[in-house]
Amino acid sequence: MEKLVAVIKRYKVFILLSVVNVFIVILYPETGMKSIEITKSSTLEMLSILPPIFILLGLLDVWVKKETMMKYMGEKSGFIGVLIAFLLGSAAAGPLYAAFPVAMVLLKKGSKLSYVLIMIGAWSTTKIPLLLFEASSMGIKFTALRFALNLIGIGAIAYTTEKLLSKDDKDKIYKGASLME
Amino acid sequence: MSSTIIFYLLASIALIVSFVKDNNNTKMALKKAWKSFENILPQFLSILILIGIILAIMTPEQISNIIGQESGWMGVILASMVGAITLIPGFIAFPLAAALLKSGAGYMQIAAFISTLMMVGIVTISLEMKFFGKKAALIRNAEAFIFSLIVAFVMGVFL
């Protein structure tokens with residue numbers, strides 16, 4: 001019983017919208033049926049796209065060991081550091097705010113701030129599973145163009161953000177990171 | 001849907017390689033895959049119904065008036081603000097964006113929405129400030145917003 005309540009709670013928006021749709025069918029049959037038709041076709045489309053993407057997401061999560069990657073992001077790691085930062089962000093799962101604690105761990109371990117910002121940028125917008133999903137739903141051209149722009153944008157934002165911060169600002173960020181659990 | 005076929009191939013190969021190397025890890029990966037899917041399922045189903053209702057009620061002309069190609073920079077700004085404020089996971093946003101595109105929205109406007117949605121977080125900025133400090137969080141979000149407008153502009157030129 002408790003389980004059922006929990007399920008209903010999680011799906012309450014879905015249930016509510018379904019009820020709304022049923023009312024639309026009763027009051028405006030034509031619009032309601034059209035809505036169901038559209039929902040049905042987009043559901044089928046999504047269900048055919050999603051399985052391989054989620055399998056890759058799971059595999060990435062299990063095989064890409066964050067700890068080993070973090071070792072290579074120090075102040076003098078150069079291009080490798082940039083690359084690792086980018087891959088670390090792109091292989092991640094979860095929303096952007098989940099990246100902040102990871103960023104703090106990196107800073108604590110002495111990663112360069114701009115590399116950490118590259119990781120944040122990649123995490124926000126070039127996650128591999130999402131790129132695959134974007135390509136399936138928006139088309140390859142849209143995805144490829146946005147990806148190319150993002151490569152430039154992520155680098156530019158990371159570089160200028162670090163440059164705009166004073167040494168004092170940066171010390172504070174590192175100090176905050178070292179105090180975090 | 002040629003990309004989908006490629007992804008199925010890619011996933012199958014990755015799965016086989018992973019299984020040969022370590023079947024426990026592979027089982028864990030599949031469990032994680034299912035869990036992440038189940039995690040978004042409620043929102044996912046909701047947005048699918050919402051897409052149906054929106055597209056059944058609104059005509060392509062109406063959608064196009066608000067965020068269509070002709071809406072120009074007004075549409076871009078509107079879309080980018082909605083993206084910056086809302087917190088919609090990518091797996092929910094792309095079906096919505098694709099449906100809107102098919103029904104009259106413009107590439108520029110949709111690109112602006114997607115880009116700010118992913119890179120700018122107004123709701124989470126206080127959390128970001130806690131980690132990175134006020135200044136760094138403000139700079140990053142402001143730059144990401146401007147960058148999203150650039151993305152929209154370039155996509156508008158090329159698509």
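Below, chains carry the letters A, B, ... as their sequence lines are ordered, and counting in each starts from 1.
For a residue to count as touching a neighbouring chain, one of its non-hydrogen atoms must lie under 4.5 Å from one of that chain's; by this rule I15(A) does not touch chain B. Both the backbone and the side chain of F158(B) come within less than 4.5 Å of a heavy atom in chain A. The part of I53(A) that comes within reach of chain B is its side chain, from C-beta onward, which places non-hydrogen atoms under 4.5 angstrom from that chain. Contact of P89(B) with chain A is not made at all, since no heavy-atom distance falls under 4.5 Å. Proximity to chain B is limited to the side chain of L96(A), based on heavy atoms less than 4.5 angstrom apart. Heavy-atom distances place no part of A99(B) under 4.5 Å from chain A, backbone and side chain included. Proximity to chain B is absent for every atom of S41(A), based on heavy atoms less than 4.5 angstrom apart.
I13(B) and L10(B) are not part of a single hydrophobic cluster, where members link through side-chain heavy atoms under 4.5 Å apart. Using a 4.5 Å cut-off between side-chain heavy atoms of Ile, Leu, Val, Met, Phe, Trp and Tyr, with links allowed through other members, V7(A) and L16(A) fall into different hydrophobic clusters. The hydrophobic cluster containing L50(A) does not contain L30(B), counting ILVMFWY residues as joined when their side-chain heavy atoms lie under 4.5 angstrom apart, directly or transitively. The hydrophobic cluster containing L138(B) does not contain F100(A), counting ILVMFWY residues as joined when their side-chain heavy atoms lie under 4.5 angstrom apart, directly or transitively. L164(A) and I118(A) fall within the same hydrophobic cluster, where Ile, Leu, Val, Met, Phe, Trp and Tyr residues are linked whenever their side-chain heavy atoms come under 4.5 Å apart, directly or through other members.
To the nearest 0.5 Å, the span separating OG1 on T43(A) from CG on L48(B) amounts to 4.0 Å. Put simply, CE on M28(B) and CG on D61(A) are 8.0 Å apart, with the number rounded to the nearest 0.5 Å. If you take CD1 on I53(B) and OG1 on T39(A), they are separated by 7.0 Å, rounding to the nearest 0.5 Å. Going from atom NZ of K135(B) over to atom OG1 of T161(A) covers 11.0 Å, rounded to the nearest 0.5 Å. A distance of 4.5 Å separates CZ in F14(A) from CG in L45(B), rounded to the nearest 0.5 Å. Note that CG of N21(A) is 6.0 Å distant from CD1 of I49(B), once rounded to the nearest 0.5 Å.
Among T160(A), L117(A), I36(A), I154(A), the residue making the largest number of heavy-atom pairs under 4.5 Å with chain B is T160(A). Of the residues considered (F44(B), W34(B), Y107(B)), F44(B) shows the highest number of contacts with chain A, using heavy-atom pairs under 4.5 Å. No other option in K31(B), K32(B), M118(B) has as many heavy-atom pairs under 4.5 Å with chain A as M118(B). Note on F133(A), Y97(A), Y174(A): by heavy-atom pairs under 4.5 Å with chain B, the leading option is F133(A). For the set P52(A), G32(A), A156(A), the count of heavy-atom pairs under 4.5 angstrom toward chain B peaks at P52(A). Ranking I152(A), V20(A), I120(A) against chain B, the residue ahead of the rest is I120(A), based on heavy-atom pairs under 4.5 Å.
The minimum heavy-atom distance between T4(B) and S48(A), with the atom names listed, is CG2-O, 3.7 Å. When all heavy atoms of W63(A) and S18(B) are compared, the pair lying nearest together is NE1-OG, 2.9 Å. Nearest heavy-atom pair across L57(A) and S36(B) is CD2-OG, 3.2 Å. Taking all atoms of both residues into account, the shortest heavy-atom contact from G52(B) to S35(A) is C-OG, 3.4 Å. The minimum heavy-atom distance between M119(B) and S124(A), with the atom names listed, is CG-OG, 3.7 Å. Considering every non-hydrogen atom in both T31(A) and I57(B), the closest pair reads CG2-CG1, 4.0 Å.
The local environment of NZ in K172(A) is sparse, with at most 12 non-hydrogen atoms from other residues, nucleotides or ligands closer than 6.0 Å. Counting non-hydrogen atoms of other residues, nucleotides and ligands closer than 6.0 Å to CD of E38(B) gives a total above 12. Atom CD of E70(B) has 12 or fewer heavy atoms from other residues, nucleotides or ligands within 6.0 Å.
Contact of the F147(B) side chain with the N150(A) side chain is registered, since non-hydrogen atoms from C-beta on lie closer than 4.5 Å. Taking 4.5 Å as the limit, some side-chain heavy atom of V151(B) sits within range of a side-chain heavy atom of R146(A). The closest side-chain heavy-atom distance from I110(B) to M138(A) is below 4.5 Å. With contacts defined as side-chain heavy-atom distances shorter than 4.5 Å, the pair V116(A)/F132(B) qualifies. Contact annotation: the side chain of K130(B) never approaches that of M104(A) to less than 4.5 Å [non-hydrogen atoms, C-beta and beyond]. Inter-residue side-chain proximity for R140(B) and I157(A) is flagged as met; some heavy-atom pair is nearer than 4.5 Å. Using a 4.5 Å heavy-atom cutoff, the side chains of F7(B) and I49(A) are not in contact. Using a 4.5 Å heavy-atom threshold, the side chains of L17(A) and L50(B) count as touching.
Judged purely by atom type and a 3.5 angstrom limit, Y8(B) has no side-chain atom pairing as donor or acceptor with the backbone of P51(A).
F91(B) has its ring centre less than 6.0 Å from the ring centre of F54(A).
Using a 4.0 Å cut-off between a side-chain N of Lys or Arg and a carboxylate O of Asp or Glu, E143(B) and K163(A) do not qualify as a salt bridge.
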